[in-house]
Structures are given as structure tokens and as C-alpha cells.
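Notes to accompany the following structure.
Just so you know, these numbers come straight off a predicted model, no measurement behind them. For the numbers below, each heavy atom of this structure counts, side chains included, while hydrogens, waters and symmetry mates do not.
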Amino acid sequence: MKNALPFQLSKDRSFFESLGDWMGDVLYDELPEKGFECRDEQIFMAYQIEKTLKEKNVLFAEAGVGTGKTIAYLLPAISYARYTGKPALIACADETLIEQLVKEAGDIFKLQNYLDITIDVRLAKSRDQYLCLKRLEEAQKDGDNDFFLEEIEDQVPDFVYGHSSLQKIYPYGERSQFPGVSDEDWQKVNYHPTQQCMVCDVRNRCGQTIHRQNYRESTDLIICSHEFLMEHIWTKESRVREGQMPLLPDVSMIVLDEGHLLEFAAQKALTYEVQSETLIRLLERVMVDGVREKTLNLMEVLQETHDRIFGLLRSGSKEEESERMKIDKTPELIQVCKQAVRITDDLLEEFVFESELFTIPEYELRMVEEFIEQYAFSLRLFTEKGDGVEWLEIIDGHETLIVMPRLVTDILHEKLFTSQLPIVFSSATLSIEKDFTYIADSLGIEKFQSFSVESPFDYDEVMKIYTHQSSQDDKVKQVDALLGNKQQTLILFKSKAAMEYFRTRSNVSANIVFEGDRELSTIVKEFQNGDFATLCSYHLWEGLDLPQEALTRVIIYDLPFPLADPLFDAKRSFSNDPFEEVELPFMLLRLQQGIGRLIRTSSDHGEIHLLLNEEEAKLESRFTGILPTTI
């Protein structure tokens, strides 16, 4: 049912004129009366978004920390959703930021209370954020870790295993529902791309399915991650052809919160993965009694060939600074991959005969067929000469071949930015000194509007920035010394490897938590509550919102230059000046985001500590211009 507009429409004024009047009343009068600050920057941003809705174009809305960006886009988004009868979509950089947006005492919560309106907001999380009942059942049979399984089993609703049609069905099974489960254990029971949901016998009781049905009915807001939005865009046409519904419904507009990160989500959504163990495990599941000898022989040969591929990948890969390992594409490796594709084609033909014999359960057969079709497609991409980027990475404890397109600009331009859909990029860091060329070119955006407004905070009064120069090896000692002064501290690392290096060498073991120890949004909540004093992270460069005494110090362990890995190597290889066109812009944007974690409200204060080795210290003059206050 369509919700009523939060203001009255009249015959002599258009929707947009009425929207402008209402936003003025809210931002100038109603919210300030409730204790909100009246911020010119916020009001300017809200009216620029209203103009974007009217003209249906792309807007880069760069507004400094403390502007109140969320409320500035929520007011026009909710109104436009109700006017058009389609929900507005807000895409956040990752799942943690989704949780922050809808947390109690967040901006959506405040608008509902202070404006006395009910906002229908629902979450559409990435598929790996949901429990898979089939994989849970497999883990229960294996019984490797009964403790984490017990926590999950206790949270599964009764209706999942009941048979009564009168039982109330509700969404369940989100990652955030299981805060005590580590990321490693969660990977054993969450959704995996090999699962064939369309033929799953527990599909109607699956938490992911119930969540999908739930958010499709939203009348105001749907909130998802950039990655899930990109997956929706890439798969929409194929899902419709196959008789499935797209992952997301039609929407009235899109807000890309922390929009400078969209390119990486787009690349990841187009990624193809070939995992070392998955093929072996799946084929073993269909090697059952009664399968024809020719089919069994082909499966065994494919397993042996697959093992050869990963043996060659393993011996020819080179360790990099990131988790991505560069691959040596030797003629032998290419030849063995092509051989695996031929075997796969033959095996798929034999599966046609097996399906008619009903020897292999339909679900198992469909799952294996779908997987090896994708497997063959990925290997074909890998063996072809093109602009693809490939690397080897350890994912969920298994070696994984990754194949992805180098650039996504053409696809984004075609499928998203020519759709006549109003799209708003919202972030404190979209430009390099007010120039939006870098982000526009990287996303294939030809026509756009833009603006940039400064933060309303007096950084000279509330923030102190310190630099510490030393060798790279001495940075651990410097951090340990700083942590001797007890403050709520966030330490930002440029990679997981850098964080783990610090973890193994630091002498500080008490009152400190590292990303990955537990579910991240749970860690953030505990940190905000003061349950521990130091949070170490390599993901929380943007979006983290911890006001006042919850965070008074940020330590930036390294300047966040892009890592030495195949993906960034590809970007470097296609640039005229890799440092100036790729590395420096990336670092400056990310550094601004990291510094922006400290001051979130007018009552915040604290310190920024930049640790610089000899090479980083030489670049000080290149980044001082983007700092909010002097060093």
C-alpha cells in the first residue's frame, strides 16, 4: 500500500515545489526545535538532490563530515518514493555500514521520532550474509565445531522445521544475528554460489528467501550494499530469461553512500571464481551407485585435471602485498585448462543421460551441472587473451582462481548511468581538490552535476594531527607506546596482512580486538560501548560513526596506497603515469576517509596519528593540502 506524502499537495503547486517547501520547514524549523543544528551545507545538499530528482541525472554530492548527509538525502528520497510509488534504494559500501544506517538512534530512527512519521525501511543484504539450511545440515553431519553450531541452531525459528501452516513466518538467518560466530566459522554455513536455490526442497523456509520477499514489499526505502546492487545489475537480464525475479525490485532513485567505492564493488560483482576444493567435493557427491561407468570415468579424469591446474597455479603464483597472488600463465597451464574445458563439455552431455535414469538426486545433479557450466566458462575466460585480470587467492581457507574484467566503465555506462534514473553519489571524499574527473572516468559517467561543501566543524579547535617518522619495523613499537595512554583508539591498516603483522609483533594483548575475531558490526557496537579500548581494522576507513568519547584517537599505520596486487597492477599498466593517475588519488581519497572517522559531531574531539616511514615522509607535502587542520 502506498504511504501518504509527509506534506500536502495542491493543484497550484507541483510535487517538487511542495517538496522544497516541506524540506525548508523541516531543516530550518522542525529539526532545530528538536535540538538539531541548522546547517547551511545540509540544506544546500538537500535542494541539490531535489533538483537531481527533477532532472533525473547523476549528482556527485561531496559534503564534509558533519554536514548531515544522511538526513539531506533521506528527506527527498522518502518523499520521492511515496510520490512515484516505488521505493528509493540506498546502497552502502558494505554490510557493516548498512547496520550503522539503521541502528537505534541513527538518522532514520531520529526522523521517525522527531517528524512523527513511520518510515518503511528494509534491508537487502548480499547472499553470503544469510544462513543456508543445506550447508548447516552438512556442517551438523561433519560435527567439527559443535559450539558455534549450537549458537546458530538456537536461533533458527521453529517454523523452519515445523509443518503447521498456521505458524508465523518471519525473516531470520542474517549474519548479524550470530554475533559470537567467527567469520571463519560463518563461511561453513552461509550461502555459497554452488547452492541451487531454485530446486532446493527447503527454499520456502529459507531465511534468504523470506528476506527477499520481505524487502520487495517496502514502500519507502530498501538498503543494500554496493556489491549486492552490482550483482543485481549484472544478473537482472539473465534471471528474467530464466523465469526468476531480479534480486531487487524497480526503484525510484538510487543513493550511493560512500559512492567513491562503487568501482571496486562493480569489479567484484563481475568476478568469476574457481575454487580448488569445490569441484572435487561436488563431483564426489554425485559418484553414487548406479551411475554409468563412462560418466564416472569422466568425473575422475576431470578431478585429476583440476588437481593439475591448481598444482601449476600454486607453483607459478607469486606472493604479493595483498592476499592476491600473481599467476604465471605458462603454455602448460593454458593447455591443461583447455583440456579441462573439453572434459567438462563431455561430462555435461553424459549428465543428460544420467538425469533420465534418476540415479542421482535432482538437487545434487542440478547443483553440479550449474557449477561445472560456470567452471568451464571461467576457464575459457582465463585462457583467452583479453583485458581480464587473474590472480590466486585464499578464500574460506581454499585456493581460489579469480578472473575479473579489468575495467567496468562500459558496462556501468550502459546498464546504470544511461537509465534516466536519478542517482546520487554521497560522500565526504569524491573529488581531488574539487575535481571529480577521477571518479567520473573510472565509472564511465559522461554527464553529471556536482558540488562540494566543506565540513561545518572547526577542526583547528577539536582535532590535533601528529606525524611520527621512523623505520617501518619500528612502527609497532610506536603504536605500543601510544596505546600506553588509555584512549578509545581505532587503528587503521591498509591491508589484512599489515594488521596481522602488527598483531604478531605487538606487546599489547589486553583490551584490544582485531577485525575478523567476531562479526564486525558486533565488534563496533562493543567498541562504542567501551567494552575494549582499541579496535584494529583494515576495512573501516569509511562510514564508521562513533561520536564523542566512543572514539578519541585514530592511528593510521601506513599511508593507504593501493596494494601491490594484480588488480591494481592492471590499472597501473593502462595509465600514462601510474603514481599520479592511480596511486596518489587513491591514497588521498582513502586518507581523507580515515581521518574523517574521528570528528562526527560538534561535540567530538581527538587526535590523529600518522605513522610515516622514510619513503612516506618524503610525500608529506603531497597530502598536507587535504588535511582538515595543520600538523
Side-chain angles (χ1 to χ4, degrees), residues 58 60 62 258-268 270 318-327 329 385-391 402 404-413 417 425 427-448 450 452 467 469 472 492-495 497-498 541-542 556-595 610-627 631:
V58 175
F60 289 124
E62 182 177 65
E258 305 298 349
H260 62 287
L261 297 174
L262 183 67
E263 180 188 8
F264 303 101
Q267 289 172 322
K268 187 173 181 181
L270 279 177
K318 300 175 183 177
E319 292 282 350
E320 296 282 3
E321 187 179 10
S322 74
E323 293 84 9
R324 305 176 183 128
M325 294 173 277
K326 185 177 291 187
I327 295 170
K329 294 179 70 172
K385 292 183 179 180
D387 287 340
V389 185
E390 307 95 3
W391 67 84
I402 309 289
M404 74 154 46
R406 182 187 65 83
L407 295 175
V408 295
T409 53
D410 292 342
I411 303 174
L412 279 171
H413 176 74
F417 296 119
F425 286 77
S427 177
T429 51
L430 292 170
S431 72
I432 305 295
E433 297 181 346
K434 310 297 187 293
D435 183 355
F436 295 86
T437 304
Y438 177 74
I439 186 172
D441 289 348
S442 66
L443 294 172
I445 300 174
E446 297 176 353
K447 297 180 180 180
F448 61 88
S450 66
S452 182
T467 59
Q469 298 183 17
Q472 187 69 23
L492 291 173
F493 298 87
K494 68 177 181 179
S495 67
W541 288 83
E542 50 271 312
I556 295 178
Y557 193 84
D558 293 299
L559 291 182
F561 280 102
L563 303 176
D565 72 7
L567 181 56
F568 277 104
D569 285 347
K571 293 176 71 71
R572 294 179 182 103
S573 68
F574 281 84
S575 63
N576 295 321
D577 187 338
F579 181 79
E580 294 291 338
E581 297 176 15
V582 177
E583 298 184 18
L584 186 62
F586 178 90
M587 185 276 286
L588 292 175
L589 285 172
R590 200 156 178 80
L591 181 62
Q592 290 178 87
Q593 285 288 341
I595 292 172
L610 303 175
L611 308 188
L612 307 175
N613 61 30
E614 294 177 0
E615 292 301 315
E616 291 169 327
K618 294 176 183 178
L619 298 169
E620 188 169 323
S621 63
R622 300 301 302 272
F623 64 77
T624 51
I626 58 98
L627 300 180
I631 297 175

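The two residues Pro560 and Lys494 come nearest to each other via the heavy atoms CA-CB, 4.1 Å. Of all the heavy atoms in Ser442 and Thr409, the pair that sits closest is O-CG2, 3.1 Å. Scanning all heavy atoms of the two residues, the minimum distance from Ser427 to Gly259 falls at CB-N, 4.2 Å. Across every non-hydrogen atom of His260 and Glu542, the tightest pair is NE2-OE1, 3.5 Å.
Residues that satisfy the side-chain contact (heavy atoms from CB on, under 4.5 Å) test with Glu615, not counting sequence neighbours, are Asn613, Lys618. Scored by the side-chain contact (heavy atoms from CB on, under 4.5 Å) test, Gln592 finds Thr429, Leu589, Ile626 as partners (sequence neighbours excluded). Looking at residues two or more places apart in sequence or on another chain, you find no ring-ring contact (aromatic ring centres under 6.0 Å, His included) involving Tyr438. In this view, Phe623 satisfies the ring-ring contact (aromatic ring centres under 6.0 Å, His included) rule with no residue, not counting sequence neighbours. Lys434 pairs by the side chain to side chain donor-acceptor pair (under 3.5 Å) definition with Glu454, not counting sequence neighbours. Every residue meeting the side chain to side chain donor-acceptor pair (under 3.5 Å) condition with Arg572, not counting sequence neighbours, appears here in chain and number order: Asp569, Glu583.
Summarising the geometry, atom CZ belonging to Arg622 is positioned 5.0 Å from atom CG belonging to Leu584; distances are rounded to the nearest 0.5 Å. Between the CD atom in Glu62 and the CD1 atom in Ile439 there is a gap of 9.0 Å [rounded to 0.5 Å]. How far CZ of Phe425 is from CZ of Phe60: 5.0 Å, rounded to the nearest 0.5 Å.
Looking at Arg324 and Glu390, no side-chain N of the basic residue comes within less than 4.0 Å of a carboxylate O on the acidic one, giving no salt bridge.
A donor-acceptor pair under 3.5 Å is formed between the side chain of His413 and the backbone N or O of Gly444. Side-chain atoms of Glu616 come within 3.5 Å of backbone atoms of Leu559 as a donor-acceptor pair (strictly under, hydrogens ignored). Between the side chain of Trp541 and the backbone N or O of Phe493, at least one donor-acceptor pair lies under 3.5 Å.
Aromatic ring orientation, Phe586 versus Phe264: perpendicular (interplanar angle above 60°, classes split at 30° and 60°).
Counting heavy atoms from C-beta on, the side chains of Phe579 and Phe561 come closer than 4.5 Å. Within the 4.5 Å cutoff, side-chain heavy atoms of Leu591 are placed close to those of Ile556. Two residues are said to be in side-chain contact when any heavy atoms from C-beta on lie closer than 4.5 Å; Glu614 and Gln469 fail this criterion. No side-chain heavy atom of Leu412 sits under 4.5 Å from any side-chain heavy atom of Ile445. A 4.5 Å side-chain heavy-atom check between Leu612 and Glu620 finds at least one atom pair inside the cut-off. Side-chain contact between Tyr557 and Leu492 is absent, with no heavy-atom pair separated by less than 4.5 Å.
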**OP:** In sequence, state the C-alpha distance, the side-chain angles, and the governing distance for Glu258 and Gln593, and then conclude on side-chain hydrogen bond (donor to acceptor under 3.5 Å, both in side chains).
**Re:** CA-CA 9 Å; Glu258 305 298 349; Gln593 285 288 341; 3.2 Å; yes
**OP:** Check the pair Glu263, Leu443 against side-chain contact (heavy atoms from CB on, under 4.5 Å), reporting the backbone distance first and the verdict last.
**Re:** CA-CA 6 Å; Glu263 180 188 8; Leu443 294 172; 3.8 Å; yes
